[in-house]
Amino acid sequence: MNMTFDQLTSWDNLFYAWRRASKSKRSQGSTAAFEFNLEENLQRLQSGLQNQTYSPGAYSSFYIHEPKKRLISAAPFRDRVVHHALCQIIEPVFEKSFIFDSYANRLGKGTHRALNRAQFFSRRFRYVLQCDVEQFFPAIDHQVLYSIIAAKIKDADILWLIKKILQSGVDVLSEEYEMSYFPGDDLFAPLRPRGLPIGNLTSQFWANCFLNPFDHFVKRELRCPAYLRYVDDFLLFSNSKK
């Protein structure tokens, strides 16, 4: 599927992105303020993207404590419109490569289907290994993520926007990350840009892109007979405890 920056910055795509970004949030101040001068704000956003003068704004951050303490970082509303505009264009490209049993932030998936699938597997296999990824969103390495994205996205202007959004979140979760060293790391490893703001739509989508190679590794290399993932939580089922 060919996708272009012109498609991303088209009026129809930006207008639809605004509708999705504002869904159930139109009473909020920033959303209402954007809508008050909707046409002008969308035109300004379109011009900034087309001229590549667009620059993401600052995040506002707060903690939630359910189910565990997490730092949520919310982008300004105009940036959330851009996130939707981007995902609307690039999601179909990646969707074709995702495994069936990846359930987070995908159309027709979700928590209920993930739980149903887990129950289905639990009735057919004797053992389950439950895992998650330590410090997942704070630890996501931008260089690794970008290489995964760039393997499928070839449009230079779309990649420019992806870099802009990635760079905007570099320091947001820095205080939440405790450095872990791996084979091959050097003294400069702690300086590698890491972290995706948990409140971003792009972060939720890129989390799937980041772990997609791992999904295929479990299926193809480990040959796990039954496996499913929801964000960074995953289950491996087998009749062999080993």
Side-chain angles (χ1 to χ4, degrees), residues 1-3 7-8 13-14 16-25 64 67 70 72-75 79-122 128-133 136-142 144-153 155 158-159 161-162 165-166 169 195-220 222 224-237:
M1 177 182 176
N2 292 325
M3 63 202 144
Q7 290 173 315
L8 193 156
N13 191 53
L14 290 174
Y16 185 54
W18 162 74
R19 288 183 60 183
R20 293 185 66 183
S22 63
K23 188 176 181 180
S24 304
K25 297 180 178 68
I64 61 169
R70 287 184 179 179
I72 305 297
S73 302
D79 295 334
R80 299 203 296 272
V81 173
V82 173
H83 300 167
H84 277 275
L86 173 64
C87 287
Q88 284 162 189
I89 294 297
I90 68 174
E91 268 186 7
V93 177
F94 286 92
E95 181 63 32
K96 293 183 293 186
S97 70
F98 292 156
I99 66 168
F100 179 84
D101 285 313
S102 166
Y103 286 90
N105 310 296
R106 294 176 65 194
L107 194 63
K109 300 291 183 176
T111 52
H112 293 298
R113 282 186 168 86
L115 287 169
N116 289 341
R117 188 68 161 167
Q119 290 173 348
F120 173 81
F121 286 149
S122 69
V128 59
L129 176 65
Q130 181 178 357
C131 306
D132 65 15
V133 180
F136 179 55
F137 281 99
I140 289 178
D141 187 303
H142 286 199
V144 175
L145 174 61
Y146 184 79
S147 68
I148 291 170
I149 294 171
K152 289 188 178 293
I153 307 297
D155 187 293
I158 295 177
L159 290 174
L161 179 58
I162 289 169
I165 297 171
L166 276 174
L196 296 181
I198 294 176
N200 278 6
L201 173 70
T202 48
S203 299
Q204 306 300 318
F205 171 62
W206 286 337
N208 275 343
C209 298
F210 191 77
L211 287 181
N212 189 43
F214 174 74
D215 293 340
H216 287 281
F217 169 77
V218 172
K219 300 281 284 185
R220 294 178 181 175
L222 300 184
C224 182
Y227 162 82
L228 66 85
R229 178 174 63 80
Y230 190 91
V231 191
D232 64 317
D233 293 290
F234 54 96
L235 304 174
L236 297 91
F237 295 84

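Numbers here simply count residues along the sequence, with the first being 1. Being a predicted model, the structure only gives us computed values, none of them experimental.
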Which atom pair, heavy atoms only, marks the closest approach of [X] to [Y]?
X	Y	answer
F94	I148	CE2-O, 4.2 Å
P92	C87	CD-O, 4.2 Å
A17	V81	CB-O, 3.3 Å
Y230	A114	CD1-CB, 4.3 Å

I need the [X] [atom1] to [Y] [atom2] distance, nearest 0.5 Å.
X	Y	atom1	atom2	value
I89	L8	CD1	CG	5.5 Å
K219	L236	NZ	CG	10.0 Å
F210	I149	CZ	CD1	10.0 Å
E95	C209	CD	SG	10.0 Å
L159	I153	CG	CD1	7.0 Å
F234	D132	CZ	CG	7.5 Å

Please name the residue in the list D233, D232, I140, V231 that meets the side chain to side chain contact (heavy atoms under 4.5 Å, CB included) test with V133.
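Going through D233, D232, I140, V231 one by one, the side chain to side chain contact (heavy atoms under 4.5 Å, CB included) with V133 is satisfied by D232 alone.
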Counting distance only, does the side-chain N/O of [X] pair as donor-acceptor with the main-chain N or O of [Y] below 3.5 Å?
X	Y	value
H84	W18	no
N105	F205	no
Q88	N13	yes
S203	P197	yes
Q204	I198	yes
R113	Y103	no

Run the numbers on L166 and L196 for side-chain contact (heavy atoms from CB on, under 4.5 Å), then give the verdict.
CA-CA 7 Å; L166 276 174; L196 296 181; 3.7 Å; yes
Go through it in stages, so that I can follow the logic: the residues are D215 and F98, the test is side-chain contact (heavy atoms from CB on, under 4.5 Å), and I'd like the CA-CA distance, side-chain angles, deciding distance and then a yes or no.
CA-CA 8 Å; D215 293 340; F98 292 156; 6.0 Å; no
Check the pair I90 / W206 against side-chain contact (heavy atoms from CB on, under 4.5 Å), numbers first and verdict last.
CA-CA 11 Å; I90 68 174; W206 286 337; 4.1 Å; yes
Kindly determine whether H216 and I99 satisfy side-chain contact (heavy atoms from CB on, under 4.5 Å), including the steps that lead there.
CA-CA 7 Å; H216 287 281; I99 66 168; 3.7 Å; yes
Determine the sole option in N208, N212, D101 for which the side chain to side chain donor-acceptor pair (under 3.5 Å) test with R229 is passed.
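Result for side chain to side chain donor-acceptor pair (under 3.5 Å) with R229: N208.
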Mind telling me whether Y227 and F214 have parallel, tilted or perpendicular rings, with 30° and 60° as the class edges?
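If you compare the ring of F214 with that of Y227, the planes turn out perpendicular.
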Please check if the number of heavy atoms outside Y146 that lie under 6.0 Å from its OH is greater than 12.
yes
